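Beneath this line is the structure, given in structure tokens, with notes to follow.
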Amino acid sequence: MRVGGRAEWLLEPATPEELCQAVAAVREHGLRLRVLGGGANLLICDGLLEGCVIATSRLRRVFRPAGGDGGDPHELAEASGRVAPAPLEEDPRLVAWCGATLQGLVRRAQELGLSGLEMLAGVPGHLGGGVAMNAGGRLGWMWDVVERVRVLGGDGAVVDLAREECAPAYRDGNLGGRIVVSAVLRLEVDHPSLVRERTREVLLAKNAVQPVVEASSGCIFKNPDPEISEGRTAGQLVDACGLKGLSRGAALVSPLHGNFIVNRGGASAEDVFGLIADVRERVAEATGIELGTEVQRWRNGD
Ligand SMILES: Cc1cc2nc3c(=O)[nH]c(=O)nc-3n(C[C@H](O)[C@H](O)[C@H](O)COP(=O)(O)OP(=O)(O)OC[C@H]3O[C@@H](n4cnc5c(N)ncnc54)[C@H](O)[C@@H]3O)c2cc1C
């Protein structure tokens, strides 16, 4: 969205080990800890954000699990001393550290001829944010392909969770505030040109309905329970209430998609927070439906 101020402290670990050390250091100093992925679903307050932000953008490795029996798929081949990956047909998995970009992953899968990530075409952000937020859309969710996730808990312990041990929900990886370190993604072998074609179709469909070239934070509101909203999405409700084009300062409800707020240049975080409150209030007045926010907000005191 290109709004918000600066962090009091910023740490940028480059390996999972450094991430664990960074988290331990923040806790030792009694600072409020926040984890930043690509910032694609995030609104940060104006001015100084107290505490420490750990940015994951340097943790961007993506690799195929090393071959050999019974090894740890999260471990890099060079670290484990194991052999080259098995043929794709035998092991169609990718491992990604939390700072790997979702679009880099989509591209890598496409090049290798691995299907399963096409639904994330055009979704900005990182693997960690995608898993934490269960990114996706009509065609599927991040967790559809997550086989295992390595997380760092509040007690500093690193734990591997199998998909079956997790209960991801709509726009919520449900990880109880734990930090995603890396994930193993199980994909399916397919012809690269077919994967490319499906990826392209998803991207074109997305670009036609979302203001992808403007500064935004993706969808602001979660879609309400269809039984309550009679099947209408949050964007459709905003549109039905005539709120497209509503603005505060330079923050504007996108005329293209009612669930997007765009920064026309120079908006403050306060403008955006205020506009979100205006939209919620007016939708509730007109329909009785309280929209919950999907976008994450970082403010002092939260
Ligand atoms: C133009 C546009 C289109 C979008 N389209 C879609 C879409 O189609 N579908 C969709 O689902 N989303 C969409 N989004 C929203 C966004 O891309 C996703 O929510 C994405 O998963 C956010 O990832 P991120 O790394 O940027 O997370 P951030 O915005 O950095 O963080 C979001 C939340 O995840 C937490 N987080 C980040 N990294 C970690 C980690 N390693 N461990 C634990 N928690 C972490 C943060 O603390 C924060 O609470 C769109 C956004 C934009 C701007």
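Computed from a prediction, not measured in an experiment: that's the story for all the values here.
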*Should the heavy atoms of other residues, nucleotides or ligands under 6.0 Å from CZ of Arg282 be counted, would the total exceed 12?*
no
*Just by modelled atom types, is the Val62 backbone N or O under 3.5 Å from a matching donor or acceptor in the Arg108 side chain?*
yes
*Please report the closest heavy-atom contact between Arg232 and Ser229, naming both atoms and the distance.*
O-OG, 2.8 Å
*asked:* Can you confirm whether more than 12 heavy atoms, excluding those of Arg6, are under 6.0 Å from its CZ atom?
replied: no
*For Glu188, look at atom CD and say whether over 12 heavy atoms of other residues, nucleotides or ligands are found less than 6.0 Å away.*
no
*Distance, nearest 0.5 Å, that separates CH2 of Trp298 from CG of Leu42*: 4.5 Å
_Evaluation steps, side chain to side chain contact (heavy atoms under 4.5 Å, CB included), between Asn263 and Val272_ = CA-CA 8 Å; Asn263 179 357; Val272 183; over 6 Å; no
*Show the numbers, then the answer: is there a side chain to side chain contact (heavy atoms under 4.5 Å, CB included) between Arg299 and Phe273?*
CA-CA 10 Å; Arg299 291 178 287 199; Phe273 293 143; 3.7 Å; yes
*asked:* Using a 3.5 Å distance criterion without hydrogens, assess whether the side chain of Asn174 forms a donor-acceptor pair with backbone atoms of Ala167.
replied: yes
*Could you give the distance from CG (Asp239) to NZ (Lys244), rounded to the nearest 0.5 Å?*
3.5 Å
*Charged N to carboxylate O under 4.0 angstrom, Arg150 versus Asp72?*
yes
*Is the side chain of Trp143 donor-acceptor paired with the backbone N or O of Val131 at a distance under 3.5 Å, no angle test?*
yes
*Spatial distance of atom CD1 (Ile179) from atom CG (Leu33) [nearest 0.5 Å]*: 5.0 Å
*If you round to the nearest 0.5 Å, how far is CG of Asp271 from CG of Leu252?*
11.5 Å
*Please answer whether the main-chain N or O of Glu294 pairs with a side-chain N or O of Gln296 as donor and acceptor at a distance below 3.5 Å.*
yes
*Minimum heavy-atom distance between Leu88 and Leu112, given as atom pair plus value*: CD1-O, 3.2 Å
*Atom CD1 in Ile276, atom CZ in Arg248: separation rounded to 0.5 Å?*
10.5 Å
*Is there a path from Leu237 to Val253 through hydrophobic residues (I, L, V, M, F, W, Y) whose side chains come within less than 4.5 Å of each other?*
yes
*Treat each ILVMFWY residue as a node, draw an edge where side-chain heavy atoms are under 4.5 Å apart, and state whether Trp97 and Val184 are in one component.*
yes
_Contact summary for Ser216 and Phe260, nearest pair of heavy atoms_ = OG-CD2, 3.5 Å
*Got a second to check how far Leu102's CG is from His126's NE2, nearest 0.5 Å?*
8.0 Å
_Minimum heavy-atom distance between Leu94 and Leu187, given as atom pair plus value_ = CD1-CD1, 3.9 Å
*asked:* Between His191 and Ser193 (side chain of the first, backbone of the second, donor and acceptor by atom type, cut-off under 3.5 Å), is there such a pair?
replied: yes
_Donor-acceptor pair, side chain of Asn223 and main chain of Thr233, under 3.5 angstrom_ = no
_Could you check whether atom CD of Glu8 has more than 12 heavy atoms from other residues, nucleotides or ligands sitting under 6.0 Å from it?_
yes
*Check the pair Glu18 / Leu11 against side chain to side chain contact (heavy atoms under 4.5 Å, CB included), numbers first and verdict last.*
CA-CA 10 Å; Glu18 284 185 18; Leu11 294 175; over 6 Å; no
*Going hydrophobic residue to hydrophobic residue with side-chain gaps under 4.5 angstrom, can you get from Val26 over to Leu10?*
no
*Looking only at heavy atoms, what is the nearest atom pair of Leu49 and Val53, with distance?*
CD2-CG2, 4.0 Å
*Locate the shortest heavy-atom distance separating Asp91 from Arg93; write the atom from each residue and the value.*
OD1-NE, 2.7 Å
_Residue Glu165 excluded, over 12 heavy atoms near CD under 6.0 Å_ = yes
*Any donor-acceptor pair under 3.5 Å from Ser115 side chain to Val189 backbone*: no
*In this structure, are over 12 heavy atoms from other groups packed under 6.0 Å from Arg60 atom CZ?*
no
*Report the C-alpha separation of Asp190 and Leu114 in whole Å, then their side-chain angles, then the decisive distance to 0.1 Å, and conclude whether the side chain to side chain contact (heavy atoms under 4.5 Å, CB included) test is met.*
CA-CA 6 Å; Asp190 201 344; Leu114 289 173; over 6 Å; no
_Would you say that more than 12 heavy atoms from the other residues, nucleotides or ligands in this model lie under 6.0 Å from the CZ of Arg200, or not?_
no
